[in-house]
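The model shown is predicted, which means the values in this text are computed figures rather than measured ones.
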Amino acid sequence: MSRLLLALLLFLPFGVAAQTAPAAASTSPTPPAPGPKVLLHTSVGDITLELYPDKAPKSVANFLQYVHEGFYDGTVFHRAINGYLVQGGLYTRDLQPRRTHPAIASEADNGLSNLRGTVAVARGADPNSGTAQFFVNLVDNRRLDYAGNQSGLTWGYAVFGKVVQGMDVIDKIAALPTRGQGPFAADVPNPLPVIESARVIGEEGPASAASAKAPAKASSAAKPARPAGRKDG
């Protein structure tokens, strides 16, 4: 009898732990709610972006402002480099830039990496020169990540979202033949993929797109650096 009692005492803690484990798990923190999603209806197909306001609040607010204003409607993906990125968000079908809001501060140091499918703010040499343009990474472009605040080269590019549906559409754009056209010496897709509309999923469309009609001044510099071995065009 004493041996039986000892055996019961040895196994009791494991039984108690097994019974209390589910209760402990139920008190663990819930995962953060997903960010807003934006549907880009393009001439090539639909692309859905999920945004990261917790990691890139300024970049997301800036992008959503343009979406709400209807700014992106009728703009094109004007730059495609297969194996690197696809870029758009500023130029019309005739490759005229639209007038933008003031540039925003870079959030490239938010810990997010330029991995395949992520969406980042395009900019010029100044890290804080991003406006309406954005690009989608076709591969893991870690060389575009923040490495330090010493210069524009080390600042990298701020990721603020990710393609959650329609990456095949992005790949189709990247596979289009390219040429020089308008103000660009190369890498312009032919034919130009048009963003016919951009809407926040679950919200009504923009009340007015009037602010998107006027050309911008010297906005073409907003773009990420090319991979090593390429010349800027």
Side-chain angles (χ1 to χ4, degrees), residues 30-42 46-79 85-91 97-124 126-138 140-142 144-146 149 152 155-167 169-170 195-209 211-212 216 219 222-224:
T30 57
K37 292 182 179 179
V38 173
L39 175 64
L40 303 180
H41 179 62
T42 82
D46 288 349
I47 303 164
T48 302
L49 312 179
E50 182 174 316
L51 309 181
Y52 301 144
D54 57 331
K55 290 287 189 177
K58 295 177 182 177
S59 303
V60 168
N62 178 70
F63 182 75
L64 289 177
Q65 180 178 21
Y66 286 114
V67 171
H68 289 146
E69 293 173 349
F71 180 94
Y72 292 120
D73 299 4
T75 61
V76 300
F77 287 101
H78 67 276
R79 187 182 185 215
L85 58 80
V86 167
Q87 182 173 332
L90 179 67
Y91 294 92
R98 288 183 170 174
R99 187 178 302 278
T100 64
H101 294 292
I104 60 171
S106 173
E107 296 177 307
D109 58 346
N110 60 13
L112 298 177
S113 182
N114 284 270
L115 304 179
R116 171 173 165 81
T118 55
V119 185
V121 178
R123 61 169 177 81
D126 181 350
N128 302 311
S129 61
T131 56
Q133 290 192 68
F134 61 91
F135 64 90
V136 180
N137 289 288
L138 296 173
D140 292 354
N141 288 317
R142 289 187 174 87
L144 301 182
D145 292 348
Y146 177 85
N149 60 5
W155 255 100
Y157 297 83
V159 171
F160 68 94
K162 183 178 182 179
V163 175
V164 291
Q165 289 184 358
M167 194 61 195
V169 177
I170 294 293
I195 300 175
E196 297 171 351
S197 66
R199 301 290 182 270
V200 178
I201 296 176
E203 294 183 5
E204 294 183 1
S208 172
S211 63
S219 298
K223 57 185 179 180

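Atom-to-atom distance recorded for Leu144:CG and Tyr146:OH is 15.5 Å, nearest 0.5 angstrom. In this structure, CD1 on Ile195 lies 10.0 Å from CZ on Phe71, to the nearest 0.5 angstrom. Of the inter-residue distances, the one linking Thr42 atom OG1 with Ile170 atom CD1 reads 7.5 Å to the nearest 0.5 angstrom. Rounding to the nearest 0.5 Å places OG1 of Thr118 at 11.0 Å from CG of Leu49. Rounded to the nearest 0.5 angstrom, Met167 CE and Leu138 CG are separated by 5.5 Å.
Without hydrogens or angle criteria, Arg98 side chain to Leu90 main chain gives no donor-acceptor distance under 3.5 Å. Between the side chain of Ser129 and the backbone N or O of Gly124, at least one donor-acceptor pair lies under 3.5 Å. Without hydrogens or angle criteria, Glu107 side chain to Ser59 main chain gives a donor-acceptor distance under 3.5 Å. Looking only at distances, no side-chain donor or acceptor of Asp109 sits under 3.5 Å from a matching main-chain atom of Trp155. A distance-only check finds no donor-acceptor pair linking the side chain of Asp140 to the backbone of Arg142 [under 3.5 Å]. With hydrogens and angles ignored, the 3.5 Å screen pairs no side-chain donor or acceptor of Arg123 with any backbone N or O of Gln133. Formation of a donor-acceptor pair under 3.5 Å by the Asn62 side chain with backbone atoms of Ile104 is not found in this model. Panel note: side chain Asn110, backbone Val159; a donor-acceptor pair is recorded below 3.5 Å.
Within the 6.0 Å centre-distance limit, the rings of Phe63 and Tyr72 are counted as a close aromatic pair.
Between Tyr66 and His101, the ring planes are tilted. Angles from 30° to 60° get that label.
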side-chain contact (heavy atoms from CB on, under 4.5 Å), that's the test. Do Arg79 and Leu85 meet it? Break it down for me.
CA-CA 8 Å; Arg79 187 182 185 215; Leu85 58 80; 4.0 Å; yes
**OP:** Mind running side-chain contact (heavy atoms from CB on, under 4.5 Å) on Phe134 and Phe77 for me, showing each step along the way?
**Re:** CA-CA 9 Å; Phe134 61 91; Phe77 287 101; 3.9 Å; yes
Original post:
Going through the distances and angles, do His68 and Glu203 end up as a side-chain contact (heavy atoms from CB on, under 4.5 Å)?
Top reply: CA-CA 9 Å; His68 289 146; Glu203 294 183 5; 2.9 Å; yes
* Asked: Which is it for Tyr52 and Lys162 under the side-chain contact (heavy atoms from CB on, under 4.5 Å) test, yes or no, and what are the steps along the way?
  -> CA-CA 8 Å; Tyr52 301 144; Lys162 183 178 182 179; 3.1 Å; yes
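Of all the heavy atoms in Ala56 and Phe160, the pair that sits closest is CB-CB, 3.8 Å. The two residues Thr100 and Ala132 make their nearest non-hydrogen contact at CG2-CB, 4.1 Å. Listed here is the closest heavy atom pair of Gln87 and Ala122: NE2-CB, 3.7 Å. Between Leu64 and Pro36, the shortest heavy-atom contact is CD1-CG, 4.2 Å. Annotation for Ser106 and Pro127: closest pair CB-O, 3.2 Å, computed over non-hydrogen atoms.
For Glu196, the CD atom counts as densely surrounded, since its 6.0 Å shell holds more than 12 non-hydrogen atoms of other residues, nucleotides or ligands.
Partner of Thr48 under the side chain to side chain contact (heavy atoms under 4.5 Å, CB included) criterion, out of Val38, Val169, Ile201, Val163: Ile201 alone.
Residues Val121 and Tyr157 have side chains not in contact (no heavy-atom distance under 4.5 Å, counting atoms from C-beta outward). The shortest distance between side-chain heavy atoms of His41 and Asp46 falls below 4.5 Å.
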